[in-house]
Amino acid sequence: MKLSAEFTFETETAEKIYQAVLPELNDNFSERSRIGLSLGADRLMLTVEAEDAVSLRSALNTWFRLIQIAQEILEVTSEAQ
């Protein structure tokens with residue numbers, strides 16, 4: 001069974017988040033899932049394709065967390081300036 005999910009994150013910091021998490025695409029977290037990441041005008045698009053529900057959930061959890069951490073770091077650093 002093949003599964004896929006697509007999410008769009010609309011934020012003014014989309015390009016900075018994209019640049020922050022882009023190196024993670026080089027790490028192969030799982031052989032059973034594939035990650036797509038693209039950038040639009042104030043939008044970050046995440047696409048996950050997986051062989052099964054467990055792989056999809058795992059990949060989504062990983063990438064949601066990476067994006068969340070990047071956003072939190074940007075907020076903290078902008079407050080410090």
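What you see is a predicted model; the values in this text were computed from it and never measured.
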#### Entry: Heavy atoms of other groups near Q71 CD, more than 12 under 6.0 Å
yes
### Task
List the atom of A20, the atom of P23, and the distance in Å for their closest heavy-atom pair.
O-CD, 3.6 Å
### Message
Run the side-chain contact (heavy atoms from CB on, under 4.5 Å) test on L44 and T11 for me, step by step, so that the C-alpha distance in whole Å, both residues' side-chain angles and the decisive distance to 0.1 Å come before the verdict.
### Response
CA-CA 8 Å; L44 181 66; T11 176; 5.7 Å; no
### Query
Can you tell me if T62 uses its side chain to pair, donor with acceptor, with the backbone of S58 under 3.5 Å?
yes
## Note on the structure
CD of E6 to CE of M45, rounded to nearest 0.5 Å, is 9.5 Å
### Query
Does a donor on one side chain and an acceptor on the other come within less than 3.5 Å for Q68 and E72?
yes
### Query
Would L22 and I73 show up in the same hydrophobic cluster when neighbours are defined by side-chain heavy atoms closer than 4.5 Å?
no
### Summary
Minimal heavy-atom distance between D42 and A14, with the atoms involved, is C-CB, 3.7 Å
### Task
Could you grab the distance from atom OG of S33 to atom CZ of R57, nearest 0.5 Å is fine?
11.5 Å
### Query
Do I35 and I69 share a hydrophobic cluster, counting only Ile, Leu, Val, Met, Phe, Trp and Tyr and linking them when any side-chain heavy atoms are less than 4.5 Å apart?
no
#### Entry: Evaluation steps, side-chain contact (heavy atoms from CB on, under 4.5 Å), between T47 and W63
CA-CA 10 Å; T47 304; W63 281 89; over 6 Å; no
### Query
Hey, quick one: are V48 and V54 part of the same hydrophobic cluster, counting side-chain heavy atoms closer than 4.5 Å, chains of contacts allowed?
no
#### Entry: Minimum heavy-atom distance between A50 and L56, given as atom pair plus value
CB-N, 3.5 Å
### Message
Evaluate I67 against F9 for side-chain contact (heavy atoms from CB on, under 4.5 Å), listing each step before the verdict.
### Response
CA-CA 9 Å; I67 291 167; F9 303 90; 3.6 Å; yes
#### Entry: E12 atom CD, over 12 foreign heavy atoms within 6.0 Å
no
### Message
In this structure, would I17 and F7 fall into the same cluster of hydrophobic residues linked by side-chain contacts under 4.5 Å?
### Response
yes
### Summary
CG of D52 to OG of S30, rounded to nearest 0.5 Å, is 8.0 Å
